[in-house]
Structures are given as structure tokens and as C-alpha cells.
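Residue numbers start from 1 in every chain, and the chains themselves are labelled A, B, ... in the order their sequence lines are given, proteins ahead of strands. Reckoned from all heavy atoms, side chains included, excluding hydrogens, waters and symmetry mates.
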Protein chains: 2
Amino acid sequence: MRSADLPEVRSIHLFQDMEEATFDAILKAAYFQTFPDHVDLIQEGDPADFLYVVVEGCVELFATSNDRETTMAMVPPIGTFILAATLKDAAYLMSARTCQRSRILMIPSEDIRAALKKDKAFAAAIIWELASCYRAVVKEHKSLKLRTGVERLANRLLRYHNDQGRNGSLLLPHDKRTLASLLGMAPENLSRAFNTLKPFGVKVDGARIHLDNLPALETLAKPNALIDDRTI
Amino acid sequence: MRSADLPEVRSIHLFQDMEEATFDAILKAAYFQTFPDHVDLIQEGDPADFLYVVVEGCVELFATSNDRETTMAMVPPIGTFILAATLKDAAYLMSARTCQRSRILMIPSEDIRAALKKDKAFAAAIIWELASCYRAVVKEHKSLKLRTGVERLANRLLRYHNDQGRNGSLLLPHDKRTLASLLGMAPENLSRAFNTLKPFGVKVDGARIHLDNLPALETLAKPNALIDDRTI
DNA sequence: AGGGGTAATTGATCAAAATCAACAGTGCGG
DNA sequence: CCGCACTGTTGATTTTGATCAATTACCCCT
């Protein structure tokens, strides 16, 4: 892999506390590859041979059943995916595809499992990461069960707005089809949900969204730290 | 705690491989208490002071937002809950209440965290447990996003039927209101969903359900191992 | 600049699910 | 035994969201 990426990979939570020797061993076993846009990386049901790290680009995790498909999560750099399947040596529950040209680090699952047995700090980091992933899905699940589509969109906009500096405007990080699927609605309904939010100061200009009446939007959204705050 | 319960607690996956000394230390720090029916054990947002183990009875995990409430999971004996919050020393994302008279083991979170630092086997068990919990929520989430209410019910019935010996009949483990909330639907819609399933051989007699046409039900349900099989 | 393809929007319609209201069945306590 | 509370069921209605169809807007490409 490019040596310039090394410190970045090392700096993510999962790897930062591990011993130098463990990190070296893992990197030695790993593959580093660049994929074009829209390439399938893994398919749900397949055995979890690798842990994936997105170094550049972006990866969509999605799931399928009954000819229906839904986006489960988007993984930006530097992020890992399907840690749980890797650790349990089980089948992937989600499929993954690139949604941009992406540089991906692939670490054989058995090397991950070997490393965590040897390296206490790595085991601790994995526990932390798994607990965080678990809580993230629980929050998603709560959102879907407790909120309407419009409310989910409103809160998602507030989240992006926070992430991007709270300056009254935000850029959607994914295209609207993907956002719709992520929020659990049809693309058409996302359009309509944006219209519903217009009286609450939400102006849409392509991927650029302006929030002109934050108090009104927050009144409608009723954001809840135990759903929307990803830091807890 | 009653010495008769000890082997049972010890036998669950989370505790079975840990060192004797670690188990003793944890038990010494733990509280063991019996609660009546319908007692609130924890409230979402509270700091995770304890890891809970249901030894007898049953506990409902639920979440709230906007004056709405939904059942997230039911924890039968012998099961633990809110492990992730305990490990991250974070706020609970879910509330818990007994739904029967229940005997509960409460282990201070700091003792859990101390134990996993000392005991490698315990750390490994926690990783396994967390990965399993994560995958369980992912499956729930997939079910909710990819299936209609009737489909979720059909698959849930097939699951209970499998658990209870595949003999053409099953007993609902919870009351119908709870089941409805668990499946993400209103109680009225659960009733109607049962009616929808009548032509597929589903006969309802209180909590006793008869499945008289398994092939037909399976055709409708389209069970999917990556959603419905809790063993993978 | 023109053309082709994709994403997004809009409208119309349909299906799914929530809500409101009423009522039957059950179990409990007086 | 009766009334009361609770669960579950049914019907009517509304809301929400999905689907189908058509159109528009926007890129990208040469």
C-alpha cells in the first residue's frame, strides 16, 4: 500500500492502540486494492474471508430479500466494515459495493482473529468498535420504528448540518436515491418529504440544502440524543 | 444468590470460559434481586451502572421518542442485556421492565470492565457476544426494512414453530400487544395480519397457533436464513 | 451545441398501516 | 354473582407510504 496511507489507517480507533508488531503482521497479510465505481465487493451470505477498510472513496452496505433492496449504511474513509462477521467467522449479513472509485484494504479474517488473541490492546479496541457499531444499529432501528419518514429526514438533515459546521447550509453526502433508501423510503417519497419540510425553512438546491428556520425544523424533528447523537 | 442458580449463570456463553477467579470476583460484586411484574429496571438515557442478567422471568427492552414507544427485544432466561452500554460506560439506549416476576443479577459495569482487562477468555466471550448482538439487530433491521407486516409475522411464527419442535403448533411467548410492538405494528394490525394468514393455514386460538399448511405459509413468508436464522 | 442517459421531480393511484371507536371475551376482586 | 379492568378483535376512516407513469433537469460526452 502507499506509505502515505499508512499513518491514516494506523490512526483509526481500531488500530491505533495495537502493538507495532501486530499492526505489521496484519499489514503484511493484507491486500490493498483500488476499485472503480459501482463494483460489488462482497455479497451477503458469503463467508467472511476479509475485514475491509475503506481508505479512499466510499462504500455502500446494502441488504436484499424478496427482490427488495435497502441501503443499510454508507462507509466513508477511514472506516471498516463487517467486523462482526469476520470475528464470528460467519456469513456476511450485508452486501457491499463501491459508490465511488475507492481504495480498499482487505485483511484476511483469520489474521484479525489471530491478532486479537495476541494483542490485548487490539482486543480492547475491537470491543469498543463492536459496541459502537451495535449502538449505531440500535439507533437506526429506533429511528425507523419511532419516526415517520419526514421526521427521519428532518433529523438526518440536522445531523449533516451539525457535522458540517452549523452554518445554515449543508451538502448531502450521497445522492438522493441512496439517502432515500438509507432512510427507509422510496425516492419519490424523499422528494415529497423535502416539500413537506419547505414550510420549515428547508430549501433544496440539488445536493445543497439550506436551513433557514432551524428552530422550526427542530420543533418538527424533535431530535433525540439517544437516536441522533453518534458520539454516545 | 441461590446456589442452585450459579451453575446456570456460569453456563451461559458470556461466562462459561472465564477463569474461576474472575467469575468469583464478579459474583461478589453483583446484586441479586427479585422484582415483581411490570417493574421498570432501567430507563434509556441513564448511565449504564450495571450489566443485567435475567435468571428467571422475562424482561422487555423498549425505546421511546415523541411519546411513542416500541418494544426492541424480549430477554428470556438466561440472558444478558445492555452489554454495549456497560462496556462503553455510556448511557442506556433502551429502557427495561420486567414482564413477569423476575430474578435478576446486576453486575456493576466497572467490575465487568475490570474483569475483561484481566481475563482473556472473558474478553473473547464478550467479543463473541457483542458480535452476536450486533448481528441480531442487523437482522431485525433488515426484516423491518425489507418486509411487510404480514411477512414479518409469518416469519416470526415460523421461527417460534422451529424453536418449539416443528409439530404443527406453537405457543406465542408474549402477549399479542407485545408481539405487535416487537414486529413494528399496531396491535389492531397484528389481529388483521393473523386474519390475512388464515388462508395460509394459520389458526389462532388465544396464544396457541396452529400451522396447518406449512408449505403455503413458507411460500408467503419467504424465510431468509440471513434474517431469520439466529444461529448464524 | 446537440443527444443520450441518469437522477430527480411531479401527479395519479393503490396498498399498507395507523388511528379512532366500539365491542366481545376473560379474569379478578368484591 | 356482578361489575371492572384489560386484552384482543372488528369496523370505519385517515394517514402514510409505495407504485406506476410521465416529465423535467442535469451531466457527460463527442
inquiry  = Working note: Ile104(A) + Gln33(A), criterion side-chain contact (heavy atoms from CB on, under 4.5 Å); need CA distance, chi angles, decisive distance, verdict.
reply    = CA-CA 5 Å; Ile104(A) 310 270; Gln33(A) 221 171 323; 5.5 Å; no
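Between Arg177(A) and Glu60(A), none of the side-chain N atoms (NZ, or NE/NH1/NH2) sits under 4.0 Å from a carboxylate O, so this pair counts as no salt bridge. Taking a cutoff of 4.0 Å between a charged side-chain nitrogen and a carboxylate oxygen, Glu8(B) and Arg103(B) do not qualify as a salt bridge. Electrostatic pairing of Glu140(B) and Arg156(B) counts as a salt bridge here, judged by a charged N lying under 4.0 Å from a carboxylate O.
Taking atom CZ on Arg192(B) and atom P on dT9(D), their separation rounds to 11 Å, with Å as the unit. Between the CZ atom of Arg208(B) and the C1' atom of dG8(D) there is a distance of 18 Å, given to the nearest Å. Between Asn195(A) atom CG and dT16(D) atom P there is a gap of 15 Å when expressed in whole angstrom units. Atoms CG (Asn189(B)) and P (dT9(D)) sit 12 Å apart, rounded to a whole Å.
Atom OG of Ser65(B) is separated from atom NZ of Lys145(A) by 13.5 Å, given to the nearest 0.5 angstrom.
A donor-acceptor pair is defined here as one N or O able to donate and one able to accept, closer than 3.5 Å; no such pair exists between the side chain of Thr34(A) and the backbone of Ser102(A).
Taking every heavy atom of residues 173-187 of chain A and every atom of DNA chain C, pairs under 4.0 Å involve Asp175(A), Lys176(A), Arg177(A), by number. For DNA chain C, the residues of residues 140-150 of chain B within the heavy-atom distance limit of 4.0 Å (strictly under) are Thr148(B), Gly149(B), sorted by number. In the region residues 58-76 of chain A, proximity to DNA chain D at under 4.0 angstrom, judged on heavy atoms, holds for none of the residues.
Around CG of Asn167(A), the count of heavy atoms belonging to other residues, nucleotides or ligands within 6.0 Å exceeds 12. Heavy atoms of other residues, nucleotides or ligands lying less than 6.0 angstrom from CZ of Arg208(B) number more than 12.
Applying the ring pair (Phe, Tyr, Trp, His ring centres under 6.0 Å) test to residues at least two apart or on different chains, none of the pairs has a partner in residues 175-194 of chain A.
One side chain, Ser132(A) or Lys88(B), offers a donor N or O that lies under 3.5 Å from an acceptor on the other.
With sequence neighbours left out, Tyr134(A) forms a ring pair (Phe, Tyr, Trp, His ring centres under 6.0 Å) with no residue at all.
Results of the side-chain contact (heavy atoms from CB on, under 4.5 Å) test with Leu172(B) over Leu157(B), Val204(B), Thr178(B) single out Leu157(B) as the only residue that passes.
Protein chain A contacts DNA chain C from dA8(C) to dA12(C), reading 5' to 3' and using non-hydrogen atoms of the protein with a distance under 4.0 Å.
The side chain of Glu188(A) lies closest to dC20(D) when the candidates are dC20(D), dG17(D), dT9(D).
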